[in-house]
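The chains referred to below are lettered A, B, ... by the order of the sequence lines, with proteins before strands, and numbering in each begins at 1. Worth knowing before you read on, the calculation uses all heavy atoms, side chains too, and leaves out hydrogens, waters and symmetry mates. A quick note: this is a predicted structure, and the numbers were derived from the prediction, not measured.
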2 protein chains.
Amino acid sequence: MAPKPKRKVTNLLALAVLSYLVREPMHPYELSRALRDNGDARSVKFNHGSLYMVVGQLAKAGLITEAGTSRDGGRPERTVYELTDAGRTELRNWMRDLIGHPEHEYPHFVAALSLIGVLPPDEVVELLGQRRVRLDALKAEARAAIESAGEVHPLFLVEEEYRLALLDAESRFIEGFVDRIVDPVDGWGPAWAAFHTERRRT
Amino acid sequence: MAPKPKRKVTNLLALAVLSYLVREPMHPYELSRALRDNGDARSVKFNHGSLYMVVGQLAKAGLITEAGTSRDGGRPERTVYELTDAGRTELRNWMRDLIGHPEHEYPHFVAALSLIGVLPPDEVVELLGQRRVRLDALKAEARAAIESAGEVHPLFLVEEEYRLALLDAESRFIEGFVDRIVDPVDGWGPAWAAFHTERRRT
DNA sequence: TCTATCATGTAACCAGTTACATGATTTT
DNA sequence: AAAATCATGTAACTGGTTACATGATAGA
C-alpha cells in the first residue's frame with residue numbers, strides 16, 4: 001500500500017500562492033490582488049484572512065521564505081516572500097497529484113439526492129425545475145468569464161470550460177430524473193408519494 | 001436582496017442525522033451505524049468525531065432533544081435523541097434549499113485546471129490519461145454500489161446515478177481537452193511548451 | 001486467559017472564518 | 001476637513017479532525 005504523501009499544507013489556496021510565487025516574489029497583499037484580478041477566486045476558495053494563514057503555514061513548512069520587505073509611501077511595511085526549492089517541487093508534485101488522481105468528493109447536491117426521499121415527489125419536481133433555471137444562470141456566468149477574458153490563450157480558461165461541461169451534465173441528469181418521476185405509465189411518483197406519507201411521523 | 005437564512009448548523013452530516021431522526025429517535029452510535037450501513041458515508045463526509053460534534057450542535061440549536069437514555073448490557077449509557085418541531089421544519093427547508101439552489105463549489109480538479117500552465121503539456125497529457133483510468137475505477141465503484149444494493153427502489157440510488165453522470169462528463173471533457181493539446185495541426189502543445197519553458201525560473 | 005476488536009465517548013489540537021484595528025488615500 | 005474607502009494586518013472564535021481513553025465482547 002503506497003504510503004500517502006501527507007502534505008504539510010492542504011488548503012488549495014496555498015497551491016495558488018505557490019503558483020504565483022514561482023514567477024516572482026510577492027507580498028501577501030499583492031497575492032491577494034493577483035488572485036482576485038485573475039479570476040482565480042472562482043476556482044479556489046479565497047478570503048482575506050485565509051490568505052495570511054496559508055502564507056504562514058507555507059513559511060513554517062519551509063516552502064516559501066521571506067525575501068525582505070518593501071515599503072511604498074507611508075504604507076506599512078510588507079513582507080515579500082519567495083519560493084524555496086522545496087516549494088517548487090511541492091508545487092509540481094501537488095499539481096501532478098491533483099491532475100492524475102481524482103478524489104472522491106462530497107458535493108452538496110449529492111448529499112441532498114441521497115436523502116431526497118424526505119421530500120414528497122411533487123415538491124421535488126418543482127424544486128428541480130428551479131434548479132435547472134439557476135444552473136442556466138451559472139452557465140451564463142461561466143461563459144461570461146470566458147468572454148470577458150478577451151485575448152488570453154484558451155488554455156487559461158479550461159477550468160471554466162470544465163465547469164460548463166459539468167453544469168451541462170447536471171442539467172441533463174436532472175431532466176432524466178424528472179422524467180423518471182413523472183412518467184405517466186411507470187413513473188416513480190405514486191409509489192414515492194405513498195411511501196412518503198406512510199413513513200412520515202407527524 | 002433576500003436575507004440569507006443563516007443556518008445554525010451547516011455541516012451536511014447534520015442533515016443526514018435529521019433525516020434519520022425524523023423516522024425514530026436514536027442514540028449517536030446507532031446513527032453512526034445506520035449512516036455507515038446505508039452507504040450514506042459515500043455522499044456525506046463522515047467521521048466518528050464529527051458525528052458527536054454535530055449532534056451537540058443540533059441539540060444546542062434546539063433542532064433535536066434528549067429523549068432519555070438507554071442501557072444495553074454492561075455498555076455505557078447512551079443518550080437517545082429525537083427531533084423537535086424546529087428540527088422537522090429545518091430538515092425540510094434545508095433540503096428544499098439544497099435541491100432548488102445550486103451553489104458555486106470548488107472541486108479540486110477545477111483548482112488544478114486553473115493552474116495547469118505550471119506543468120508542461122506532455123506531462124499533463126500523460127497525467128490526464130492516468131486520470132481517465134482512475135475515473136473508470138470510480139465509475140465501477142458507483143456501479144458496484146448500485147448493484148450491491150439489491151432490491152431497494154432506484155430512488156435511493158439516484159445519488160450514485162448522478163455521480164456516474166458527472167464522472168462520465170468529466171471523462172469526456174478530458175478526452176476533448178487532450179485532443180486540443182495534441183492536435184497535430186493547431187494543437188496547443190507547442191505554444192504551451194514554449195511559454196512554459198520561457199516563463200519558468202529555474 | 002490473553003489478545004484483538006468493537007462500542008462509545010471525550011479532549012486536545014489545528015484549520016478556517018469573521019471581526020476588529022489602524023494608518024493612508026481619495027472623495028465630497 | 002469630514003467621510004468614505006483602500007491597504008494591510010492581527011486576533012478571537014468556531015468548526016472539524018485526530019488522538020486518546022476505557023470497558024465489553026469474541027476469538028485464539
Side-chain angles (χ1 to χ4, degrees), chain A residues 3-4 6-17 25-37 41 44-61 63-64 66 68-81 94 103-106 108 111, chain B residues 3-4 6-17 25-37 41 44-61 63-64 66 68-81 94 103-106 108 111:
Chain A
K4 277 265 178 68
K6 285 285 178 215
R7 304 198 183 288
K8 315 281 294 222
V9 184
T10 58
N11 192 330
L12 286 176
L13 184 53
L15 185 69
V17 167
M26 298 194 198
H27 54 82
Y29 195 82
E30 217 174 338
L31 284 165
S32 179
R33 250 317 129 128
L35 289 166
R36 297 190 161 294
D37 293 352
V44 172
K45 202 183 234 165
F46 174 80
N47 98 34
H48 186 66
S50 308
L51 179 62
Y52 285 89
M53 185 210 8
V54 151
V55 166
Q57 290 173 176
L58 287 172
K60 182 171 351 176
L63 303 175
I64 63 179
E66 305 194 6
T69 61
S70 83
R71 166 171 300 279
D72 168 27
R75 297 282 170 60
E77 282 225 339
R78 290 153 310 181
T79 308
V80 176
Y81 291 91
W94 198 352
E103 294 274 336
H104 185 92
E105 294 184 67
Y106 301 86
H108 290 186
Chain B
K4 278 267 178 66
K6 284 287 178 215
R7 305 198 181 288
K8 316 279 295 221
V9 185
T10 59
N11 192 330
L12 286 177
L13 184 53
L15 185 68
V17 168
M26 298 193 196
H27 54 82
Y29 195 83
E30 217 175 339
L31 284 165
S32 179
R33 251 314 129 131
L35 288 166
R36 297 191 160 293
D37 293 352
V44 172
K45 201 181 231 165
F46 173 81
N47 96 36
H48 186 66
S50 308
L51 179 63
Y52 285 88
M53 183 206 13
V54 151
V55 166
Q57 290 172 177
L58 286 171
K60 182 169 354 174
L63 303 175
I64 65 180
E66 306 194 5
T69 61
S70 83
R71 163 171 303 278
D72 169 25
R75 297 284 170 61
E77 282 226 338
R78 289 153 310 181
T79 310
V80 176
Y81 291 90
W94 197 352
E103 293 274 335
H104 184 92
E105 294 183 68
Y106 300 86
H108 287 6

**Prompt:** What is the distance, rounded to the nearest whole Å, between atom CD of Glu30(A) and atom P of dG9(D)?
**Reply:** 11 Å
**Complete:** Closest non-hydrogen contact found for Tyr52(A) with Tyr29(A) is OH-N, 4.3 Å
**Request:** Working to the nearest 0.5 Å, report the span between CZ of Arg36(A) and NE2 of His48(A).
**Result:** 9.0 Å
**Asked** How many Å lie between CG on Leu51(A) and P on dA19(C), as a whole number?
**Response** 19 Å
**Asked** How long is the gap from CG on Leu58(B) to CG on Leu15(B), to the nearest 0.5 Å?
**Response** 9.5 Å
Collect all protein-nucleotide pairs involving nucleotides 14-16 of chain C in which both atoms are nitrogen or oxygen and the distance is under 3.5 Å.
unit_1  : atom_1 : unit_2   : atom_2 : d
dG16(C) : OP2    : Asn11(A) : ND2    : 3.3

**Fill in**
In whole angstroms, the gap separating C1' of dT18(D) from NZ of Lys6(A) amounts to 11 Å
**Asked** Between atom OH of Tyr81(B) and atom NE2 of His27(B), what is the distance when rounded to the nearest 0.5 Å?
**Response** 11.5 Å
**Message:** Rounded to whole Å, how long is the line connecting atom OH of Tyr29(B) with atom C1' of dG23(D)?
**Reply:** 14 Å
**Message:** Between P on dG9(D) and CG on Leu31(A), what's the gap in Å once rounded to a whole number?
**Reply:** 11 Å
**Fill in**
Rounding to 0.5 Å, atoms NE2 (His108(A)) and CH2 (Trp94(B)) come to a distance of 9.0 Å
**Item:** Nearest heavy atoms of Leu31(B) and Val17(B), plus distance in Å
**Value:** CD1-CG1, 4.0 Å
**Asked** Expressed in angstrom and rounded to an integer, what is the separation of His48(B) atom NE2 from dT17(D) atom P?
**Response** 13 Å
**Fill in**
Arg36(A) atom CZ is separated from dA7(D) atom P, nearest whole Å, by 11 Å
**Whole-Å gap separating P (dC13(C)) and NZ (Lys60(A))** = 14 Å
**Message:** Does dC6(D) have OP1 or OP2 under 4.0 Å away from a side-chain N or O of Arg33(A)?
**Reply:** no
